[in-house]
Amino acid sequence: MAEKTIPILPCRTIQPVLDFYTALGFEVTFQQTSPNPYAVVERGDIELQFFGLKRYEPTESYSTCYVLTDDVDGLHESFRTGLKEAYGKIPTRGLPRIGALKDMSYGMRQFLVTDPGGNCIRIGQPTSEDQHHRPAPKETFARALHHASLLADSKEDPAAAAKVIDRVLCLEDERPTPVQLLRLLVLRADVAGRLGDGETATSALAEAAAVQLSAQERESVQDDLERLAELRA
């Protein structure tokens with residue numbers, strides 16, 4: 001006996017959503033305009049369905065679903081390539097957008113894609129058999145990174161993530177390690193960009209680029225360094 005779950009997600013208008021998923025490598029396998037706007041896109045075993053809703057506001061959407069994969073790095077790179085070809089750049093804020101690839105504290109390596117309808121597609125690969133949230137670290141800066149990452153890339157609350165980072169970086173009696181500082185600054189620049197705060201983003205990127213790291217430290221933050229390069233481009 002086999003079952004399959006297919007999310008049915010809202011959007012104000014169908015066509016921009018279909019164009020977006022086509023750029024990601026999906027195929028439109030069904031589309032109708034009446035009696036109700038409806039469409040289906042598929043990519044391998046991923047199937048998403050959409051319905052039109054005139055009074056729907058994409059920027060206020062909470063619609064989401066999770067896609068499990070055994071090659072999250074490959075999908076992330078493929079999606080980025082398709083979006084750059086379709087849009088002339090990789091959209092990282094506003095609608096639509098694609099997020100950074102990150103190792104989460106609940107045993108997943110994931111990234112988020114948000115379509116023109118405001119639907120957030122979370123795409124991840126297990127990195128541990130334990131899929132529960134790990135306890136927050138007790139050390140000050142590790143704890144701040146833990147909470148800020150969850151707020152920014154799981155709850156999608158960049159404003160709250162910014163407050164956590166700003167608070168911890170203002171401490172006078174404690175200082176982060178170079179690795180912690182880099183990660184905090186890259187995330188701060190990332191969320192500042194999402195909030196439309198270009199001045200803070202530029203400042204955080206400059207500070208992050210100036211952090212001195214050893215070869216071993218650079219290896220441990222490869223994802224963050226790649227995100228730094230992308231945000232500075």
Side-chain angles (χ1 to χ4, degrees), residues 72-73 76-77 80 90-94 97-114 120 122-128 130-233:
V72 70
D73 288 75
H76 188 250
E77 183 59 31
R80 284 166 50 87
I90 300 171
T92 59
R93 62 177 182 266
R97 64 181 179 270
I98 183 169
L101 187 60
K102 293 193 174 183
D103 291 311
M104 305 305 294
S105 63
Y106 40 85
M108 295 294 293
R109 181 167 173 78
Q110 72 173 34
F111 66 97
L112 278 56
V113 174
T114 306
C120 178
R122 302 163 186 266
I123 303 168
Q125 180 175 355
T127 56
S128 168
D130 181 3
Q131 301 296 295
H132 297 88
H133 281 278
R134 308 299 191 266
K138 294 183 179 180
E139 194 276 329
T140 301
F141 299 99
R143 186 180 184 87
L145 275 166
H146 174 90
H147 287 305
S149 294
L150 288 176
L151 287 166
D153 299 306
S154 187
K155 192 176 180 182
E156 288 207 290
D157 189 345
K163 290 180 181 179
V164 170
I165 297 170
D166 288 344
R167 183 168 59 248
V168 77
L169 289 181
C170 286
L171 295 176
E172 296 182 356
D173 56 342
E174 294 183 77
R175 295 303 301 166
T177 67
V179 163
Q180 290 172 331
L181 180 59
L182 176 94
R183 297 188 64 199
L184 285 165
L185 289 169
V186 171
L187 183 55
R188 185 65 182 91
D190 193 340
V191 297
R194 298 187 218 178
L195 294 168
D197 184 356
E199 183 177 350
T200 299
T202 299
S203 175
L205 288 173
E207 289 186 58
V211 175
Q212 299 297 310
L213 300 173
S214 68
Q216 185 176 3
E217 288 171 333
R218 292 181 67 85
E219 181 66 26
S220 71
V221 291
Q222 190 59 43
D223 285 345
D224 300 273
L225 290 172
E226 290 178 3
R227 186 60 170 167
L228 172 61
E230 178 181 82
L231 292 171
R232 296 184 72 196

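Excluded from the calculations below are hydrogen atoms, water molecules and symmetry mates; all remaining heavy atoms, backbone and side chain alike, are included. Sequential numbering from 1 along the given sequence is applied to the chain's residues.
Residues satisfying the side chain to side chain donor-acceptor pair (under 3.5 Å) test with Gln125, not counting sequence neighbours, are none. The side chain to side chain donor-acceptor pair (under 3.5 Å) check on Glu174 picks up Thr140, with sequence neighbours excluded. For Phe141, the ring pair (Phe, Tyr, Trp, His ring centres under 6.0 Å) criterion is met by no residue, not counting sequence neighbours. Ser149 is linked by a side chain to side chain contact (heavy atoms under 4.5 Å, CB included) to Leu187, counting only residues two or more places apart in sequence or in another chain. Applying the side chain to side chain contact (heavy atoms under 4.5 Å, CB included) criterion to Arg143, with sequence neighbours excluded, gives Ala136, His147. With sequence neighbours excluded, the residues that form a side chain to side chain contact (heavy atoms under 4.5 Å, CB included) with Arg97 are Leu95, Thr114, Glu156. Partners of His146 under the ring pair (Phe, Tyr, Trp, His ring centres under 6.0 Å) rule, at least two apart in sequence or in another chain, do not exist in this structure. By the side chain to side chain donor-acceptor pair (under 3.5 Å) test, Asp130 pairs with His132, sequence neighbours left out. Listed by chain and residue number, nothing satisfies the salt bridge (charged side-chain N to carboxylate O under 4.0 Å, His left out) test with Asp157 (two or more places apart in sequence, or in another chain). By the side chain to side chain donor-acceptor pair (under 3.5 Å) test, Ser128 is found to be paired with Arg134, residues two or more places apart in sequence or in another chain being considered.
One finds the CG atom of Leu228 at 6.0 Å from the CG atom of Leu205 (value rounded to the nearest 0.5 Å). Distance CG/Leu231 to CD/Glu226: 12.0 Å, rounded to 0.5 Å. Met108 CE to Lys102 NZ: the interatomic distance, rounded to the nearest 0.5 Å, is 15.5 Å. Here CG of Leu151 is found 9.0 Å from CD1 of Ile165. Values are rounded to the nearest 0.5 Å. With rounding to the nearest 0.5 Å, the separation of CG in Leu169 from CD in Gln180 is 10.5 Å.
Residue pairs that meet the salt bridge (Lys or Arg N to Asp or Glu O under 4.0 Å) test with at least one member in residues 192-207, sequence neighbours left out, are Asp153-Arg194, Asp190-Arg194. Pairs of residues two or more places apart, or lying in two chains, that qualify as salt bridge (Lys or Arg N to Asp or Glu O under 4.0 Å) and include a residue from residues 175-185 are Arg183-Asp224.
Pairing each heavy atom of Pro178 with each of Val211, the nearest pair is O-CG1, 3.5 Å. Of all the heavy atoms in Ala148 and Ala161, the pair that sits closest is O-CB, 3.5 Å. Tyr106 and Ser154 get closest at one heavy-atom pair: OH-OG, 3.6 Å.
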* What's the verdict on side-chain contact (heavy atoms from CB on, under 4.5 Å) for Asp223 and Arg109, showing C-alpha distance, side-chain angles and the deciding distance? -> CA-CA 11 Å; Asp223 285 345; Arg109 181 167 173 78; 2.6 Å; yes
* Mind running side-chain contact (heavy atoms from CB on, under 4.5 Å) on Val191 and Thr200 for me, showing each step along the way? => CA-CA 10 Å; Val191 297; Thr200 299; over 6 Å; no
* Carefully, step by step, assess Met104 and Thr127 under the rule side-chain contact (heavy atoms from CB on, under 4.5 Å). => CA-CA 9 Å; Met104 305 305 294; Thr127 56; over 6 Å; no
* For Leu195 and Arg93, what are the C-alpha separation, side-chain angles and deciding distance, and is it a side-chain contact (heavy atoms from CB on, under 4.5 Å)? -> CA-CA 8 Å; Leu195 294 168; Arg93 62 177 182 266; over 6 Å; no
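A salt bridge links Arg188 with Asp166: the closest approach of a Lys/Arg side-chain nitrogen to an acidic carboxylate oxygen falls below 4.0 angstrom.
Judged by distance alone, the side chain of Arg218 and the main-chain N or O of Leu213 form no donor-acceptor pair under 3.5 Å.
Heavy atoms of other residues, nucleotides or ligands lying less than 6.0 angstrom from CD of Gln216 number 12 at most.
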